[in-house]
Protein chains: 2
Amino acid sequence: MRKRKPILTEQELEIMKIVWELERATVRDVYETILKQRRIAYTTVMTMMKILEGKGYLKKTQEDRAYLYRPAEPKQNVIRGMVAEFINRVFNGSAEPLLVHLVAEEGLTEKELAEIAKIARREK
Amino acid sequence: MRKRKPILTEQELEIMKIVWELERATVRDVYETILKQRRIAYTTVMTMMKILEGKGYLKKTQEDRAYLYRPAEPKQNVIRGMVAEFINRVFNGSAEPLLVHLVAEEGLTEKELAEIAKIARREK
DNA sequence: TTCCTCATACTAATTAGTTAGTACTAAAAG
DNA sequence: CTTTTAGTACTAACTAATTAGTATGAGGAA
């Protein structure tokens with residue numbers, strides 16, 4: 001059985017979210033964005049992005065002086081993987097308990113649920 | 001703002017699942033259970049369970065020679081916390097996108113969705 | 001040209017998570 | 001009573017994740 005691609009860690013996800021948002025970004029772009037939230041070193045961001053490239057989540061091209069990074073695959077794919085991984089860990093792989101949990105937790109009405117179903121169908 | 005209780009790591013969750021299942025368990029009980037799946041040292045399990053006690057997920061009482069551990073709070077509470085934490089990390093705190101994702105991913109029909117809603121209502 | 005800025009590569013320190021060894025003690029077995 | 005067994009406490013090794021420092025080079029500014 002092939003070992004599956006390592007899933008995103010906390011900090012890696014932080015960076016991926018930014019790159020998904022910007023669609024393409026240099027280390028500096030990401031660095032500046034994170035700086036608004038918290039203190040971090042430029043080289044830290046660089047290291048992380050290189051790791052993400054190694055894991056196959058980002059791809060880079062040379063652009064002027066600096067590398068330009070882009071997501072290697074669409075956000076939806078990655079999110080799908082993370083959700084699946086979470087369901088495996090916490091709910092032993094079956095999605096239904098999570099759904100039940102969420103519906104109960106949110107106290108959704110029939111109407112809201114139908115609305116979600118509609119959006120989901122569109123998403124498909 | 002009070003710092004929230006540290007969330008369960010991978011291995012900690014593995015142990016908690018066993019204790020929830022058994023309802024109360026000694027280190028040995030958990031050790032034997034894990035052994036069925038993989039090789040592990042007795043003291044490793046002990047260390048982990050002590051950590052879980054420190055984090056407030058387990059509480060122990062002296063029982064004969066060994067400690068008897070029990071869950072400090074019901075499984076549902078902890079699961080709720082983990083789901084919330086996941087939603088924060090991945091979906092910036094809003095549950096709806098996760099719901100939409102799940103419904104779309106599972107390709108649920110009206111009927112199945114209604115069924116889930118029914119179970120959820122009972123759960124409440 | 002010379003200097004400053006900003007980029008990368010390489011290296012490494014620190015912290016968190018996981019795993020397990022060793023010393024010691026009390027109870028059970030012989 | 002002595003030996004074996006099964007438990008805990010304390011310590012530590014190892015791996016993974018996170019963070020950042022230093023060296024170096026290319027390009028633009030003076």
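Proteins come first, then strands; the chains are lettered A, B, ... in the order of their sequence lines, and each starts at number 1. Because only heavy atoms are used, hydrogens play no part in the values below, and waters and symmetry mates are left out as well, while side chains stay in.
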- [ ] Look up atom OG1 in A/Thr44 and atom CD1 in A/Ile34, then write down how far apart they are to the nearest 0.5 Å.
- [x] 9.0 Å

- [ ] Give the minimum heavy-atom separation between A/Glu73 and A/Trp20, together with the two atoms involved.
- [x] O-NE1, 3.8 Å

Open item on the list: Salt bridge check, B/Glu53 against B/Lys59: does any charged N sit closer than 4.0 Å to a carboxylate O?
Closed with: no

Open item on the list: Without decimals, in angstroms, what is the distance between B/Ile40 CD1 and C/dG17 P?
Closed with: 17 Å

TODO: Take the C1' atoms of the five end pairs on each side of the helix from C/dT1-D/dA30 to C/dG30-D/dC1, derive the two axes, and give their angle rounded to 10 degrees.
DONE: 20°

Task: A/Arg80/A/Glu85 ion pair, N-O < 4.0 Å - done: no

- [ ] Measure up the B/Phe86 and A/Phe86 rings against each other and bin them: parallel (under 30°), tilted (30 to 60°), perpendicular (over 60°).
- [x] parallel

Task: OH on B/Tyr31 to CE on B/Met46, rounded to 0.5 Å - done: 13.0 Å

Task: A/Lys75/A/Glu21 ion pair, N-O < 4.0 Å - done: no

Task: 5' to 3' contact window, DNA chain D with chain A (heavy-atom distance under 4.0 Å) - done: D/dT18 to D/dG27

Task: B/Arg70 with B/Glu23: basic N within carboxylate O range, under 4.0 Å - done: no

Open item on the list: Any base atoms under 4.0 Å from B/Glu12, or only sugar-phosphate, or nothing? Heavy atoms, all strands.
Closed with: nothing

- [ ] Between protein and nucleotides 6-11 of chain C, map the contacts as a letter string: B base, S sugar-phosphate only, - none, heavy atoms under 4.0 Å, written 5' to 3'.
- [x] BSBB--

Open item on the list: Nearest 0.5 Å, please: how far is CE in A/Met49 from OH in A/Tyr69?
Closed with: 6.0 Å

Open item on the list: How many whole angstroms separate atom CD1 of B/Ile15 from atom P of C/dA20?
Closed with: 12 Å

- [ ] State whether B/Arg24 and B/Glu63 are salt-bridged, where the test is any N-O pair (Lys NZ or Arg NE/NH1/NH2 against Asp/Glu carboxylate O) under 4.0 Å.
- [x] no

